[in-house]
Each structure stands twice: as structure tokens, then as C-alpha cells.
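Here the structure is laid out as C-alpha cells; the discussion comes afterwards.
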Amino acid sequence: MIHDGVRDGFLTRQYEEGMALAESSDILRLVPLDGTPPDRYAAEFHCAGLVRAPDGSVQEAGLFVVGVWFPSDYLRTARPWQVLTWIGPHNIYHPNISDRVPHICVGPIAPGTALVDLLYRCHDIITFKRVTMREDDALNPFACGYARDNQRRFPIDPRPLKRQTHTLRITRTAGVV
């Protein structure tokens, strides 16, 4: 196999930045799957999103998995349906995620889009921070009507993907004990 130094450098950065995000998240578990540096990942999102139950009701679920793959030509050409794969659950209920084929639409992806950016976009879709509400532009048109009628519920899970850190600074004021 021929090694491409530019691609290897890109993949190394994606691994480092992706693992750093996962380390600083209460929601994301990122699993490298293939290669050194890896070019495939399983991203587990432990957050609230919606699924369609067998009885037709819409319910919350707490685990969602997306596959990410950086093909050999990713720095020149990005095909969203190739880069991102919806793994599960299969009964997902979101306008931007197909319930028939393993596709998730996070919008246009430019060649070389960073793993961290893709992960943030996936999280925003799963939690309904980003929603397509046009049936003619949706992967699941039936979920569009539900989304329009239930906008007050969104986002389903308001927690940020990256844990918030707060710095507290205490300064002494002269004369105050």
C-alpha cells in the first residue's frame, strides 16, 4: 500500500482531535475501527433523540450510532452518503435520517471536513438542534410533519456535545476579610 503523507497527517489530526472531543464529552464515545492512523470510526451518541415504536408512537431513545469513513480521495472529493452511515437504531425518527437506507444528512460536506465538525453536526441532527422541515428535501418526509407540529420540544436533548468548563476567579479586595 502506498502511503500518502498528507492524508496520513490529516488522519492523525482527525484521530487526535476526535479522541480529545470524546474525552471532554459526557455524550460521545468514539471508537476507531480501522487503520493506523484510523480512517473509520463508530461514533456513539448517548443523548436523547426520537424513534418510532412498533405501535407508531414517537418515543425518546438514548443511544445512536453513526459510522464515519474517510475514503482515500476524501481530501479532494467528499460524498456525504459515503462518509457518514447511519448505523442505528433503525427506527430513528428524524427528517434528516432515513429509516430505510443507512443515510444521515448533515448538509454539504466539503473535502477535508474535520471529524470533529462531522460529529457536532451529527449530534445536532440527533438532538433536533438541526432539522429539515421540507418534505421535498427530507430523507424521512413523514418525520417532517411531526417536527413542524412539535417544535416546542426541540432540542430533545439540550446538553452540549463538549462538556462545559467554567473558570472561577476569586480576587481579594483590600479591606475585605
Task: Closest contact, heavy atoms only, P80 versus A78 - done: CD-O, 3.6 Å
TODO: Give, for atom CZ of F64 and atom OG1 of T127, the distance between the pair rounded to the nearest 0.5 Å.
DONE: 9.5 Å
Open item on the list: To the nearest 0.5 Å, what is the distance between CG on D157 and CD1 on I126?
Closed with: 10.5 Å
TODO: Specify the closest pair of heavy atoms between L75 and P111, including all atoms of both residues, with the distance to one decimal.
DONE: O-CB, 3.5 Å
- [ ] Tell me, yes or no, whether the heavy-atom count around R148 atom CZ, taken from other residues, nucleotides or ligands under 6.0 Å, exceeds 12.
- [x] yes
- [ ] Spell out, as yes or no, whether a donor-acceptor pair under 3.5 Å connects the side chain of N140 to the backbone of P95.
- [x] no
Open item on the list: Give me the atom names and distance for the closest heavy-atom approach of P158 to P155.
Closed with: CA-CG, 4.0 Å
Task: Main-chain N/O of V65 paired with E44 side-chain donor or acceptor, under 3.5 Å - done: no
Open item on the list: Donor-acceptor pair, distance only, cut-off 3.5 Å: does the side chain of S57 make one with the backbone of A53?
Closed with: no
Open item on the list: Is there a path of hydrophobic side-chain contacts, each under 4.5 Å between heavy atoms, that joins V66 and L139?
Closed with: no
TODO: For Y15 and F10, indicate whether the former's side chain and the latter's backbone hold a donor-acceptor pair under 3.5 Å.
DONE: no
Open item on the list: Pair H103, W86 - check side-chain contact (heavy atoms from CB on, under 4.5 Å), show working.
Closed with: CA-CA 5 Å; H103 292 161; W86 183 257; 6.0 Å; no
- [ ] Check for a donor-acceptor pair, side chain of S25 on one end and backbone N or O of L161 on the other, with a separation under 3.5 Å.
- [x] yes
Open item on the list: Within this structure, what is the CG-CD distance for the pair L119 and Q14, rounded to the nearest 0.5 Å?
Closed with: 9.5 Å
Task: Check: T113 side chain, I109 main-chain N or O, donor-acceptor pair, under 3.5 Å - done: no
- [ ] Check the pair R52, H90 against side-chain contact (heavy atoms from CB on, under 4.5 Å), reporting the backbone distance first and the verdict last.
- [x] CA-CA 9 Å; R52 187 101 190 214; H90 297 291; over 6 Å; no
Open item on the list: What verdict does the side-chain contact (heavy atoms from CB on, under 4.5 Å) test give for K129 and H123, after you've listed the backbone C-alpha separation in whole Å, the side-chain angles of each residue and the deciding distance to 0.1 Å?
Closed with: CA-CA 8 Å; K129 290 178 185 150; H123 175 255; 3.1 Å; yes
TODO: Consider only side-chain heavy atoms of I, L, V, M, F, W and Y, link residues closer than 4.5 Å, and tell whether F70 and V6 are in one cluster.
DONE: yes
TODO: Enter the distance from R40:CZ to L33:CG here, rounded to the nearest 0.5 Å.
DONE: 8.5 Å
- [ ] Kindly give the heavy-atom pair with the smallest separation between P32 and Y41, and that separation in Å.
- [x] CA-CD2, 3.6 Å
Open item on the list: Less than 3.5 Å apart, any donor N or O on the side chain of T132 or N96 sitting next to an acceptor on the other?
Closed with: yes
Open item on the list: For E135, I'd like to know if atom CD has over 12 heavy atoms of other residues, nucleotides or ligands within 6.0 Å.
Closed with: yes
TODO: Identify whether L11 and W69 are in the same connected component of the hydrophobic contact network (ILVMFWY, side-chain heavy atoms under 4.5 Å).
DONE: no
- [ ] Please go through Y93's hydrophobic cluster and name the other residues, only I, L, V, M, F, W, Y counting, with side-chain heavy atoms under 4.5 Å joining them.
- [x] L50, V58, F128, V131, M133, F142, Y146, F154, I156
Open item on the list: Pair L21, L28 - check side-chain contact (heavy atoms from CB on, under 4.5 Å), show working.
Closed with: CA-CA 8 Å; L21 175 60; L28 175 66; 4.0 Å; yes
TODO: Report the C-alpha separation of R153 and E60 in whole Å, then their side-chain angles, then the decisive distance to 0.1 Å, and conclude whether the salt bridge (Lys or Arg N to Asp or Glu O under 4.0 Å) test is met.
DONE: CA-CA 11 Å; R153 289 188 68 189; E60 287 189 18; 3.3 Å; yes
Open item on the list: Could you measure the distance from the SG atom of C144 to the NE2 atom of H94? Nearest 0.5 Å is fine.
Closed with: 9.5 Å
Open item on the list: Just verifying a value: how many Å separate L63 CG and C47 SG, rounded to the nearest 0.5 Å?
Closed with: 8.5 Å
- [ ] Identify the residue among R159, R163, K162 that makes a side-chain hydrogen bond (donor to acceptor under 3.5 Å, both in side chains) with D26.
- [x] R163
- [ ] Answer yes if I97 and I87 sit in the same cluster of Ile, Leu, Val, Met, Phe, Trp and Tyr residues linked by side chain heavy atoms under 4.5 Å apart, and no otherwise.
- [x] no
Task: Heavy-atom pair of closest approach, residues L115 and G18 - done: CD2-CA, 4.0 Å
Open item on the list: Main chain of R76, side chain of D73: is a donor-acceptor contact present, judged purely on distance under 3.5 Å?
Closed with: no
